[in-house]
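This structure is a prediction, so every number in the text was calculated from the model and none was measured. Just follow the structure's listing: the first ligand is 1, and inside any ligand the first atom is 1. Residues: numbered from 1 along the sequence shown.
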Amino acid sequence: MTSAAPDPHQAIRDGVRSLCAQFPDEYFRRLDSERAYPEAFVDALTKAGWLAALIPQEYGGAGLGLAEASVIMEEINRCGGNAGACHGQMYNMGTLLRHGSEAQKRDYLPRIASGELRLQSMAVTEPTTGTDTTKLKTTAVRRGDRYVVNGQKVWISRVQHSDLMILLARTTPLAEVKRRSEGLSLFLVDLRDAIGHGLTVRPIENMVNHETNELFFDDLEVPADSLIGAEGKGFRYVLDGLNAERTLIAAECIGDGYWFVDRAVRYAKERVVFDRPIGQNQGIAFPLAECYMAVEAASLMRFRACTLFDAHEPCGAEANMAKHLAAKASWDAANACLQTYGGFGFAHEYDIERKFRETRLYQVAPISTNLVLAYIAEHVLGLPRSY
Ligand SMILES: Cc1cc2nc3c(=O)[nH]c(=O)nc-3n(C[C@H](O)[C@H](O)[C@H](O)COP(=O)(O)OP(=O)(O)OC[C@H]3O[C@@H](n4cnc5c(N)ncnc54)[C@H](O)[C@@H]3O)c2cc1C
């Protein structure tokens with residue numbers, strides 16, 4: 001089900017859909033029950049070049065914009081998969097691209113584009129400070145030609161399926177900076193060297209099939225040239241990257257939203273109770289119509305955020321609004337779909353309950369709903385800061 005207007009991204013949609021067709025519902029359902037990583041799926045996406053969409057051609061990527069990248073993510077979820085297993089590879093490199101040195105870009109980006117190196121992980125969140133990022137406690141202290149890292153992170157995804165990880169750590173104590181957003185720095189950590197040599201990874205069992213971990217840094221040494229950009233400016237670089245992340249995750253929610261509406265509509269036409277298809281009841285049909293409109297509207301905001309991002313214009317408000325509207329639309333669609341399926345929605349074999357759990361995450365991560373509302377209230381409406 002799509003809108004009637006011609007779609008400028010149809011070729012991308014067709015390409016991703018034909019790849020996804022090789023990985024049907026049963027594939028993701030089995031991995032979900034085994035809590036296993038979709039290795040074959042991510043390999044296929046990488047080999048086909050889809051995860052290098054945003055890497056410029058001079059570094060071996062496709063040189064596409066955020067709009068095209070968002071359509072790739074949308075289609076993965078719309079086909080029943082979960083781009084959360086690999087979306088880091090799509091956007092984490094943006095930090096390196098926009099703020100890394102030419103030497104770092106030449107060294108890493110072609111190998112990330114080819115799939116030789118995976119940059120799936122970014123470590124920001126900490127257990128004791130949560131959303132209050134500038135108070136994070138992990139430190140990186142310069143000693144000669146190295147930084148020594150100590151601290152802890154939580155909910156850091158895909159570390160076991162990545163070679164590299166972007167790390168946000170404090171390089172100047174909070175008490176010594178004028179603004180709390182200063183004194184934080186970004187590092188490109190080579191996980192192959194780090195794990196077992198100062199970095200311990202402890203997996204977190206969780207509600208969805210999502211590989212995520214606690215990280216413990218105990219005198220981890222990283223080379224000084226793994227610093228990305230200028231020391232102390234890391235928080236600003238992270239914010240830049242988060243706009244791309246939020247927009248791409250909005251696209252995943254849009255894909256989920258369409259998937260739920262499509263499945264529910266199909267079932268509502270087929271399922272006959274009281275001698276008529278359940279979709280003939282307005283109590284079933286109207287929520288689905290409402291959900292479809294919300295997904296379409298979120299999709300428009302997603303494209304607005306993409307246009308601004310690709311033009312290097314400020315897009316914090318649009319990226320946050322796209323993420324919020326899309327996450328809300330997909331969650332409402334998930335509920336409407338489950339309700340349409342009745343008891344069968346709870347059976348694993350229909351995949352509704354799996355996608356229901358998966359799309360719920362996006363009310364919380366990568367930024368929770370309240371924090372988006374606080375952002376819009378403060379930065380768009382000019383209301384006083386609430387925290
Ligand atoms: C499966 C999963 C994968 C993740 N992957 C990553 C990753 O790869 N890298 C990474 O760095 N992080 C990751 N995260 C962390 C995620 O970004 C955080 O969970 C999220 O930002 C919320 O932070 P928190 O859990 O610490 O919640 P808290 O900050 O403890 O907040 C708890 C609740 O209180 C609310 N709240 C807090 N302060 C306010 C306020 N001032 N006003 C109103 N409400 C408030 C929040 O909205 C939230 O609902 C992941 C999380 C999950 C669950």
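- E74 and R302 are joined by a salt bridge, as a carboxylate oxygen and a charged side-chain nitrogen come within less than 4.0 angstrom of each other.
- Ranking protein heavy atoms by distance to atom 35 (C) of ligand 1, first place goes to N370 ND2, 4.2 Å.
- Side-chain polar atoms of D256 and T359 form a donor-acceptor pair below 3.5 angstrom.
- Of the protein's heavy atoms, at least one falls inside 4.0 Å of atom 50 (C) of ligand 1.
- The shortest N/O to N/O separation between V154 and ligand 1 does not fall below 3.5 Å.
- From the protein, the heavy atom lying nearest to atom 36 (N) of ligand 1 is L371 CD2, 4.0 Å.
- Using a cut-off of 4.0 Å between Lys/Arg side-chain N and Asp/Glu carboxylate O, R30 and E26 are scored as not salt-bridged.
- Nearest protein heavy-atom neighbour of atom 48 (C) of ligand 1: S368 OG, 3.8 Å.
- The protein does not reach atom 42 (N) of ligand 1 closely, with no heavy atom under 4.0 angstrom from it.
- The nearest heavy-atom contact from the protein to atom 3 (C) of ligand 1 is S157 OG, 3.3 Å.
- For the pair D163 and R118, the salt-bridge criterion is met [side-chain N within less than 4.0 Å of a carboxylate O].
- Residues K153 and T125 have side chains that never bring a donor and an acceptor to within less than 3.5 angstrom of each other.
- Only the backbone of P366 comes within contact range of ligand 1, with a heavy atom under 4.0 Å; no side-chain atom does.
- Residue M122 touches ligand 1 through its backbone alone, judged by heavy-atom distances below 4.0 Å.
- Counting protein heavy atoms only, atom 23 (O) of ligand 1 is closest to T131 OG1, 3.4 Å.
- Checked for salt-bridge contact, R158 and E211 miss the test: no charged N lies under 4.0 Å from a carboxylate O.
- With ring centers used as reference points, W331 lies under 6.0 Å from F356.
- The shortest contact between atom 1 (C) of ligand 1 and any protein heavy atom is with L361 CD1, 3.6 Å.
- With hydrogens and angles left out, the side-chain atoms of E126 and T138 include a donor and acceptor closer than 3.5 Å.
- Checked by atom type, the side-chain pair H99/D240 shows a donor-acceptor distance below 3.5 Å.
- If you check the side chains of N209 and N82, you find no donor sitting under 3.5 Å from an acceptor.
- Here the protein heavy atom with the shortest distance to atom 13 (C) of ligand 1 is W155 O, 2.9 Å.
- In this structure, the ring of Y108 has its center no less than 6.0 angstrom from the ring center of Y59.
- Counted by atom type alone, N320 and R246 present one or more donor-acceptor pairs between their side chains at under 3.5 Å.
- Distances below 4.0 Å separate heavy atoms of I156 from the following atoms of ligand 1: 7 (C), 8 (O), 9 (N), 10 (C), 11 (O).
- For atom 25 (O) of ligand 1, the nearest protein heavy atom lies 4.0 Å away or farther.
- In this structure, atom 33 (C) of ligand 1 has no protein heavy-atom contact shorter than 4.0 Å.
- Residue, atom and distance of the protein heavy atom nearest to atom 12 (N) of ligand 1 are T125 OG1, 2.7 Å.
- Listed by number with element, the atoms of ligand 1 under 4.0 angstrom from any heavy atom of V364 are 20 (C), 22 (C).
- Proximity of atom 30 (O) of ligand 1 to the protein is not indicated, since no non-hydrogen protein atom lies closer than 4.0 angstrom.
- No part of V208 comes within 4.0 Å of ligand 1, judged by heavy-atom distances.
- Only side-chain heavy atoms of Y387 come within less than 4.0 Å of ligand 1; its backbone N, CA, C and O stay farther off.
- One finds a salt bridge joining R357 and E353 here, because a Lys/Arg side-chain nitrogen approaches an Asp/Glu carboxylate oxygen to under 4.0 Å.
- Heavy-atom proximity to G130, at under 4.0 Å, picks out these atoms of ligand 1: 26 (O), 29 (O).
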